[in-house]
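Proteins get letters first, then strands, A, B, ... in listed order; numbering begins at 1 in each.
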Amino acid sequence: MPELPEVETVCRGLAAVLDGHLITRLDLRRPDLRFPLPLDLKQRVEGRRVEQVRRRAKYILIDLDDGTVIIAHLGMSGRMVVGRLGSAEPLKHDHVVFETDHGMEIRFNDPRRFGFIDLAERTTLALHPMLASLGPEPLGNEFNGPVLADRLAGKVTPIKAALLDQRIVAGLGNIYVCEALYFARLSPTRLAATIQGAKAERLVTAIRSVLSRAIAAGGSSLRDYVQTSGELGYFQHQWAVYGKEGQPCPDCNCGQGVERMIQSNRSTFYCAKKQR
DNA sequence: CGGCAAACCTGCGAGC
DNA sequence: TGCTCGCAGGTTTGCC
């Protein structure tokens, strides 16, 4: 489930639990996630204090007090489950458990194991292979119409595929690309290079709006959710087109409604009348 | 170099 | 009830 808004919500929840606290123990229950866990993970993390939890694209970054950074990615099915230490038996796919000095535990649970955990140094973090070629943050100040237009210029690929390319803009996934294109009234099959000028402005506005609203929804549901299940960042969405095949387009009265097509092996949901 | 399908892995719901 | 198939929110790999 995790795209940028979900990861942002998870980071905020993790920050509330971890910031300023010692990680007293790491329980490595399964070493083979998408990549093998670093051999020195336990040794380098246990006993360190967390300075801050932050996000880059869909990556969770945990800064430790010795300059080490934990890089965590949730993949397709990863979750962070927060609870009181020992309050629940480990679940089937709890791969790594963080324990803190104030009696809390965070369980990294990931059935499909597309997620991973790695270590880096803060001073060279930007050079990490997973982060080095990422595009701008879509909610950052450096992302605007001209910047997106420039990055799409010359791209002979559908705009849907271009927006999923983390080198163009970092953090969008299949859901929010569909939603953003819908609100920008742009066809997912349109050639990326043709998104210039006002169309690029429209697309940037749609991307920022969709992501911001999703983060706001996550933030508001987070309080309740943590109190009940301790799970972070998963909440009911109200999407306009994603997963809505066959349902009426919420914004126009075309007969065919929301359609689904396959692009780059992924489902695209769109309204053929509204999006051009 | 650029763009695309396939691969990684598990779970779930639909259909037979 | 139980099996098979298709599908799933990400990213890298390898092939053309």
Base, sugar-phosphate alone, or nothing: which one does [X] contact when heavy atoms must sit under 4.0 Å apart?
| X | answer |
| --- | --- |
| A:R260 | sugar-phosphate |
| A:N265 | base |
| A:P158 | sugar-phosphate |

Taking atom [atom1] in both [N] and [M], what distance in whole Å separates the two?
| N | M | atom1 | answer |
| --- | --- | --- | --- |
| C:dG6 | B:dA6 | P | 13 Å |
| C:dT11 | B:dC12 | C1' | 23 Å |
| B:dC9 | C:dC3 | P | 23 Å |

Between [N] ([atom2]) and [X] ([atom1]): distance, integer Å:
| X | N | atom1 | atom2 | result |
| --- | --- | --- | --- | --- |
| A:D32 | B:dC9 | CG | P | 9 Å |
| A:D165 | C:dT13 | CG | C1' | 15 Å |
| A:N109 | B:dC9 | CG | P | 17 Å |
| A:D94 | B:dT10 | CG | C1' | 15 Å |
| A:K160 | B:dA5 | NZ | C1' | 14 Å |
| A:E3 | C:dG10 | CD | C1' | 9 Å |
| A:R34 | B:dT10 | CZ | C1' | 16 Å |
| A:I262 | C:dG6 | CD1 | P | 12 Å |

For this session: Look at the side chain of A:R266 and the base of C:dA8, then say whether one donor and one acceptor between them are separated by less than 3.5 Å.
Result: no
Exercise. Is there a donor N/O on one and an acceptor N/O on the other, under 3.5 Å, for the side chain of A:R113 and the base of B:dC9?
Worked result: no
Seminar exercise, completed: Taking Watson-Crick and G-U wobble contacts under 3.5 angstrom, with | marking pairs to another strand and [ ] crossing pairs, the secondary structure of DNA chain C is written .|||||||.|||||||
For this session: Find which nucleotide of DNA chain C each of A:R112 and A:Y59 is nearest to by heavy atoms, and output the residue with the more 5' nucleotide.
Result: A:R112
For this session: Give the ring-plane orientation class for A:F269 versus A:Y242, where under 30° counts as parallel, over 60° as perpendicular and anything between as tilted.
Result: perpendicular
Under 4.0 Å: is that the gap between some side-chain N or O of [X] and OP1 or OP2 of [N]?
| X | N | answer |
| --- | --- | --- |
| A:Y242 | C:dG9 | yes |
| A:S267 | C:dA8 | yes |
| A:H93 | B:dG11 | yes |
| A:Q166 | C:dG10 | no |
| A:S77 | B:dC9 | no |
| A:K58 | C:dG9 | no |

Exercise. Between A:E99 and A:T24, is there a donor-acceptor pair closer than 3.5 Å when you use the side chain of the first and the backbone of the second?
Worked result: no
For this session: Please say whether more than 12 non-hydrogen atoms of neighbouring residues, nucleotides or ligands are located less than 6.0 Å from CZ in A:R29.
Result: yes
Exercise. Between A:N174 and A:K160, does any side-chain donor sit less than 3.5 Å from a side-chain acceptor?
Worked result: yes
Can you identify which nucleotide, out of [options], has its nearest atom closest to the [X] side chain?
| X | options | result |
| --- | --- | --- |
| A:K155 | C:dG10, B:dG3, B:dC4 | B:dG3 |
| A:H73 | C:dG10, C:dG9, C:dT12 | C:dG10 |
| A:M76 | C:dA8, B:dT10, B:dG3 | C:dA8 |

Exercise. What do you reckon, do A:F114 and the base of B:dC8 stack, with centroid distance below 5.5 Å and planes below 30°?
Worked result: yes
Exercise. According to a 4.5 Å side-chain heavy-atom criterion applied to Ile, Leu, Val, Met, Phe, Trp and Tyr, with indirect links allowed, do A:L186 and A:L164 form part of one hydrophobic cluster?
Worked result: yes
Could you list the donor-acceptor pairs under 3.5 angstrom formed between side-chain atoms of residues 188-195 of chain A and any protein atom two or more places apart in sequence or on another chain?
{"unit_1": "A:T189", "atom_1": "OG1", "unit_2": "A:S187", "atom_2": "OG", "d": "2.9"}
{"unit_1": "A:R190", "atom_1": "NE", "unit_2": "A:R276", "atom_2": "O", "d": "3.4"}
{"unit_1": "A:R190", "atom_1": "NH1", "unit_2": "A:T194", "atom_2": "OG1", "d": "3.0"}
{"unit_1": "A:T194", "atom_1": "OG1", "unit_2": "A:L191", "atom_2": "O", "d": "2.7"}

Problem set entry | Name of the residue among A:D66, A:I62, A:V96, A:L119 meeting side chain to side chain contact (heavy atoms under 4.5 Å, CB included) with A:V45 | A:L119
For this session: Taking side-chain contact (heavy atoms from CB on, under 4.5 Å) as the test, write out the residues that go with A:R113, two or more places apart.
Result: A:R30, A:D32, A:L33, A:H95
Exercise. Any ion pair linking A:E121 and A:R44 (charged N to carboxylate O, less than 4.0 Å)?
Worked result: yes
